[in-house]
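Before we start, here is the structure in question, set down as structure tokens.
If you're wondering where the values come from, they're calculated on a predicted model, not measured in any experiment. In the text below, chain A, chain B and the rest are named by the order of the sequence lines, each starting its count at 1. Values reported hereafter were calculated over all heavy atoms of this structure, with side chains retained and with hydrogens, waters and symmetry mates removed.
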2 protein chains.
Amino acid sequence: MSADPEWRTVRRVRTHEQVLIQIQERILNGQLRIGDRLPSERELVQVLGVSRNSVREALRVLEAMGIIDAHTGSGRDAGSTVAGRSTDALSNLLRLHMALAQFRLGDLVDVRIELERLAVRQASAEADPAELTQLRSLTEAMTRPGLDHERFHELDSEFHIRLARASHNALAADLMQALRDAVKNEMLAAFARVHDWDAAVASLTAEHLAILTAVEAGQGDEAETLVARHIRAFYDSVGGESPSSD
Amino acid sequence: MSADPEWRTVRRVRTHEQVLIQIQERILNGQLRIGDRLPSERELVQVLGVSRNSVREALRVLEAMGIIDAHTGSGRDAGSTVAGRSTDALSNLLRLHMALAQFRLGDLVDVRIELERLAVRQASAEADPAELTQLRSLTEAMTRPGLDHERFHELDSEFHIRLARASHNALAADLMQALRDAVKNEMLAAFARVHDWDAAVASLTAEHLAILTAVEAGQGDEAETLVARHIRAFYDSVGGESPSSD
DNA sequence: TGCAATTTGTACGTATGTATT
DNA sequence: TAATACATACGTACAAATTGC
């Protein structure tokens with residue numbers, strides 16, 4: 001076969017990839033930090049000895065990953081600066097791979113449940129009063145009658161994401177948001193399959209309230225149990241194939 | 001203030017973003033599926049009425065996200081095809097955001113523990129005999145004396161990732177791999193801080209064996225407990241600041 | 001109003017890689 | 001083997017839009 005250890009197959013590295021690698025190295029080294037400005041496109045062209053196209057392709061990739069921001073014009077914001085908001089990029093990536101059926105919805109639900117458990121457990125231990133107040137007003141907003149699917153989903157997502165933020169685990173919170181974004185359409189479709197919408201809203205909201213009450217009381221174990229049941233129950237009632245019970 | 005609801009600030013959408021959006025829409029719609037070929041760059045130029053650079057910038061972004069593959073030449077592989085390997089892209093994204101100190105290491109460890117628990121629980125229920133055999137030979141490979149840090153980390157990672165794959169939850173497995181990749185350097189640094197390396201290897205390997213034995217026996221709860229302790233113990237011994245006990 | 005710095009968009013030319021004939 | 005067709009890869013050059021001074 002061709003597995004001769006003497007010879008390594010030549011991996012052709014395109015020039016824009018080399019640019020990408022060099023910039024990424026500087027980020028991983030810590031030479032480039034949040035808020036820093038990169039050299040302008042034309043400077044990079046000179047320093048790296050490549051064409052502007054290659055530089056721009058690399059910058060576009062970094063931009064899509066949420067690593068840098070680019071602004072036209074001169075002064076202050078102009079040029080590319082190291083940014084660091086991951087969530088949109090993460091959501092987008094997960095959503096696309098969901099659409100390519102790379103991940104089953106059931107798998108995603110299972111992962112989400114574990115994240116939710118982590119979130120409520122930690123939130124029970126270290127949520128600020130201000131965060132709890134916000135959460136409580138969110139649950140109240142969900143009791144307002146006549147919410148349509150879209151609006152309810154928004155509030156529902158915000159409740160769960162804020163709960164995750166209250167755990168002070170940024171990664172868990174970002175993943176939670178990405179997962180929610182990625183399955184938004186599936187969730188709306190699931191809402192459409194609900195027979196008695198008002199009753200569903202009432203019970204979901206009641207469950208939110210119970211979870212929040214446990215968190216406020218610092219009862220992490222109770223909150224974990226409640227949130228796991230909350231998600232599993234809804235998914236089982238309208239979600240479709242059960243992921244592990246067949 | 002500038003928060004007048006009458007006026008929406010114009011969000012200028014760059015052309016390559018519009019190209020990106022159109023392609024993403026087709027993926028989200030299901031019009032483009034894994035294995036499908038996109039029109040060639042020059043065809044897209046004609047159909048979309050934009051320049052070739054804009055098309056290529058969009059394709060580069062999709063490529064970096066692991067959504068498409070690009071190959072030169074004619075026939076079969078040529079042009080851009082919808083691919084769908086997410087893992088590298090996910091790892092890369094998480095690693096960069098780790099470097100930007102967007103996520104604390106302790107947060108990442110907490111998330112990882114939850115994923116590991118999910119993995120071993122599900123693996124206990126539905127791992128194939130073939131997967132279990134592979135895992136067992138992996139644990140044996142780790143008992144070979146004289147492994148250096150790099151090699152041990154490789155085997156360690158592979159054990160945990162294969163365990164996650166054995167759970168048949170693709171998302172959990174991919175996330176696990178991404179998290180492992182993202183903290184590889186931190187792990188190697190932690191290894192360097194270990195006083196008695198041989199003893200550490202011995203106990204880590206023994207723990208792997210115990211976890212695997214529980215999984216083989218279908219004892220999900222036991223496996224969960226063991227894996228959580230396995231990770232927490234190592235992290236507490238060399239990892240640094242304890243994430244939740246202060 | 002104008003000027004400078006910067007990104008953004010387009011057009012075109014050439015080189016390179018791959019499969020078919 | 002050579003020729004051909006097709007596709008990406010890379011570069012240069014120029015015009016437009018945006019922002020600050």
Legend entry - Rounded distance (Å) that lies between atom C1' of D:dC10 and atom CG of B:Leu59: 16 Å

Inset, instruction - Check each of B:Glu150, B:His153, B:Glu154 against B:Lys184 using the side chain to side chain donor-acceptor pair (under 3.5 Å) test, and report the only one that passes. - result: B:Glu150

Legend entry - Rounded distance in Å - CD (B:Glu41) to P (D:dA9): 6 Å

Inset, instruction - Measure the distance from CD on B:Gln46 to C1' on D:dC6 and round it to the nearest whole Å. - result: 14 Å

Inset, instruction - State which of D:dG20, C:dT6, D:dC10 makes the closest approach to the side chain of A:Ser40. - result: C:dT6

Inset, instruction - Check every atom of C:dT8, D:dG11, C:dG9 against the side chain of A:Ser54 and return the nucleotide holding the closest atom. - result: D:dG11

Inset, instruction - To the nearest Å, give me how far apart CZ (A:Arg52) and P (D:dT12) are. - result: 11 Å

Legend entry - Whole-Å distance separating the CG atom of B:Leu44 from the C1' atom of C:dT10: 16 Å

Legend entry - Residue whose closest nucleotide on DNA chain D lies nearer the 5' end, B:Glu43 versus B:Arg56: B:Glu43

Legend entry - Over 12 foreign heavy atoms within 6.0 Å of CD, A:Gln46: no

Inset, instruction - Could you please name the option among C:dG9, D:dG20, D:dA9 that lies closest to any side-chain atom of B:Thr72? - result: D:dA9

Legend entry - A:Thr15 vs D:dC10: side-chain N/O to OP1/OP2 distance below 4.0 Å: yes

Inset, instruction - Decide, yes or no, whether a salt bridge links B:Glu131 with B:Arg165 under the criterion of side-chain N to carboxylate O below 4.0 Å. - result: no

Inset, instruction - Using atom CG of A:Leu48 as one end and atom C1' of D:dG11 as the other, report the distance to the nearest whole Å. - result: 15 Å

Inset, instruction - Look at the side-chain N and O atoms of A:Ser74 and state whether any lies under 4.0 Å from the OP1 or OP2 oxygen of C:dC3. - result: no

Inset, instruction - Take atom CZ of B:Arg136 as the centre, draw a 6.0 Å sphere, and report whether it contains more than 12 heavy atoms from other residues, nucleotides or ligands. - result: yes

Inset, instruction - May I ask you to say what A:Arg60 touches in the nucleic acid, namely base, sugar-phosphate or nothing, with a heavy-atom cut-off under 4.0 Å? - result: sugar-phosphate

Legend entry - Euclidean distance, atom CG of residue A:Asn53 to atom C1' of D:dG11 [Å, nearest integer]: 7 Å

Legend entry - For atom CD of B:Glu17 and atom P of C:dT8, their distance in whole Å: 9 Å

Inset, instruction - Could you tell me whether B:Arg14 and A:Glu63 have a side-chain N and a carboxylate O separated by less than 4.0 Å? - result: yes

